[in-house]
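One structure is given below, encoded as structure tokens.
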Amino acid sequence: MTPPSIDLHQHLWPEPLLAALSRRTEPPMLARRGEGWHVRTPGEPDVPVALADHDPDARLALLARHGVDQAVIAPSVPLGIEALDADAAAPLLAAYHEGAAALPSGLRAWAAVGLAEPDPAGLARLLDAGFAGACVAADALSGPEGYEHLGPVLGVLEERGAPLFVHPGPSPRTLAAGDGAVGAERPSWWPAVTTYIASMHAAWHAFAAFGRPAHTRLRVCFAMLAGLAPLQRERLVARGGPRVSDPDVFVDTSSYGAHAIDAAIRELGVDRLVLGTDVPVIGFAEPALGDAVALAVRVRNPARLLTHTPPGAPA
């Protein structure tokens with residue numbers, strides 16, 4: 001049997017989550033404006049939402065057009081759902097997981113993790129139900145305190161052989177502080193190329209400094225080439241940072257084109273890159289870098305990242 005080609009980073013809001021967001025009266029929420037819907041997120045401008053973009057059948061058709069066998073759906077972490085207090089987050093997380101568990105074959109999902117009160121047992125149940133791993137906001141893993149707070153959750157992933165996916169998004173601290181808020185003088189794209197990039201850099205280096213020593217067998221994937229943090233290696237080493245390359249740390253290709261992806265391959269090697277497109281936030285894009293690279297990024301590397309160890313099996 002031919003191994004599947006996999007896109008590790010797409011977004012799709014299942015019906016229960018859309019309904020839960022539409023019932024809210026404060027961000028994060030869906031708000032009706034005229035004849036359409038907009039998503040309202042703390043610290044960011046309202047963004048129009050095309051509900052057709054979140055139709056599972058339409059998404060499967062999109063995958064087929066691009067020759068992708070499976071997409072792994074990530075929670076939309078910048079919404080800040082995971083960073084809400086536990087009582088506010090619980091119904092939204094439950095709605096996401098309910099809808100994600102019912103997605104058709106060809107669509108799998110990352111589990112979301114409530115950050116105020118992480119639930120290791122709940123994550124274990126989601127992994128048993130078929131979730132690929134856990135998606136965690138970059139701001140929540142930007143220093144040693146994050147690894148201490150989320151240690152039990154990361155321990156479940158490590159024990160099960162399930163991966164961690166690090167995606168831009170707020171922690172309870174940054175959500176409360178309004179870090180990265182978009183003022184009237186800043187354009188709508190500002191957070192994506194400032195706050196998101198900075199948070200991915202911090203998370204990349206925090207994993208090397210604090211995450212890997214605490215979780216020696218954890219596989220982790222950073223969205224959007226970790227904001228090109230791997231290209232800072234020369235500066236890192238010049239300032240006394242580690243030189244070691246970590247074969248169990250991956251980056252996805254979302255939001256970047258051929259020049260940046262080629263630079264990441266030169267720095268990390270092709271075995272550390274996986275396909276991620278961020279659909280429907282941006283359109284499906286996959287730079288042509290040759291058949292060998294496509295096979296590694298679409299098929300071989302995602303398989304290594306997603307390999308699970310059954311409960312109780314030796315690691």
Side-chain angles (χ1 to χ4, degrees), residues 11 16-17 20 28 41-42 72-101 108-177 179 199-200 202-223 248-249 305-306 308-309 311 315:
H11 298 281
L17 178 61
T41 304
V72 187
I73 302 303
S76 294
V77 185
L79 288 177
I81 291 170
E82 298 88 341
L84 296 171
D85 67 74
D87 289 341
L92 296 170
L93 295 175
Y96 166 75
H97 290 129
E98 175 192 346
R108 201 176 176 191
W110 296 99
V113 175
L115 300 174
E117 295 181 8
D119 181 7
L123 175 58
R125 289 191 294 271
L126 292 169
L127 296 177
D128 289 343
F131 282 79
C135 180
V136 174
D139 284 358
L141 292 173
S142 61
E145 65 287 344
Y147 282 98
E148 181 177 358
H149 181 60
L150 290 167
V153 165
L154 302 181
V156 169
L157 295 176
E158 192 173 23
E159 177 187 348
R160 299 299 186 90
L164 167 69
F165 183 46
V166 181
H167 188 289
S171 68
R173 177 190 62 79
T174 56
L175 186 68
D179 290 6
S199 71
M200 294 303 291
W204 172 267
H205 291 107
F207 182 78
F210 312 111
R212 177 54 79 211
H215 301 281
T216 58
R217 294 179 290 118
L218 182 63
R219 294 191 307 283
V220 57
C221 180
F222 290 83
D248 287 329
V249 173
L305 175 66
L306 292 175
H308 280 243
T309 302

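- With Arg212 contributing its side chain and Leu218 its backbone, the two residues share a donor-acceptor pair below 3.5 Å.
- Using modelled atom types, no side-chain atom of His167 and backbone atom of Val77 make a donor-acceptor pair closer than 3.5 Å.
- In this structure, OG1 in Thr216 is found 5.0 Å from CD in Glu158, a value given to the nearest 0.5 Å.
- Scanning for side chain to side chain donor-acceptor pair (under 3.5 Å) contacts around His97 gives an empty result, with sequence neighbours left out.
- Ion pairing between Arg217 and Asp248 fails under the 4.0 Å rule for side-chain N and carboxylate O.
- Taking each heavy atom of Pro75 and Ala111 in turn, the nearest pair found is CG-O, 4.5 Å.
- Counting only distance, with no hydrogens or angles, the side chain of Arg219 and the backbone of Val249 share no donor-acceptor pair below 3.5 Å.
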Is there a side chain to side chain contact (heavy atoms under 4.5 Å, CB included) between Val136 and Val166 once you walk through the steps?
-> CA-CA 5 Å; Val136 174; Val166 181; 5.6 Å; no
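- The shortest non-hydrogen separation linking Gly143 to Ala206 is N-CB, 3.8 Å.
- Pairing each heavy atom of Ala138 with each of Met200, the nearest pair is CB-SD, 3.7 Å.
- A distance-only check finds no donor-acceptor pair linking the side chain of His149 to the backbone of Pro118 [under 3.5 Å].
- Atom CG in Asp128 sits 9.5 Å away from atom CG in Leu123 (nearest 0.5 Å).
- Counting non-hydrogen atoms of other residues, nucleotides and ligands closer than 6.0 Å to CD of Glu145 gives a total above 12.
- Listed here is the closest heavy atom pair of Val113 and Ala134: CG2-CB, 3.9 Å.
- Remark: the backbone N or O of Leu79 is not paired with any side-chain donor or acceptor of Ser76 at under 3.5 angstrom.
- Between the side chain of Arg160 and the backbone N or O of Leu127, no donor-acceptor pair lies under 3.5 Å.
- Relative ring orientation between His215 and Tyr147 is described as tilted, the plane-to-plane angle lying within the 30° to 60° band.
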Any chance you could lay out the side chain to side chain contact (heavy atoms under 4.5 Å, CB included) test for Phe207 and Val220, step after step, and finish with the verdict?
-> CA-CA 9 Å; Phe207 182 78; Val220 57; 3.7 Å; yes
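- Between Tyr96 and Phe131, the ring-plane angle classifies as tilted under the 30° and 60° cut-offs.
- Across all their heavy atoms, Asp139 and Ser142 have their closest contact at O-OG, 3.1 Å.
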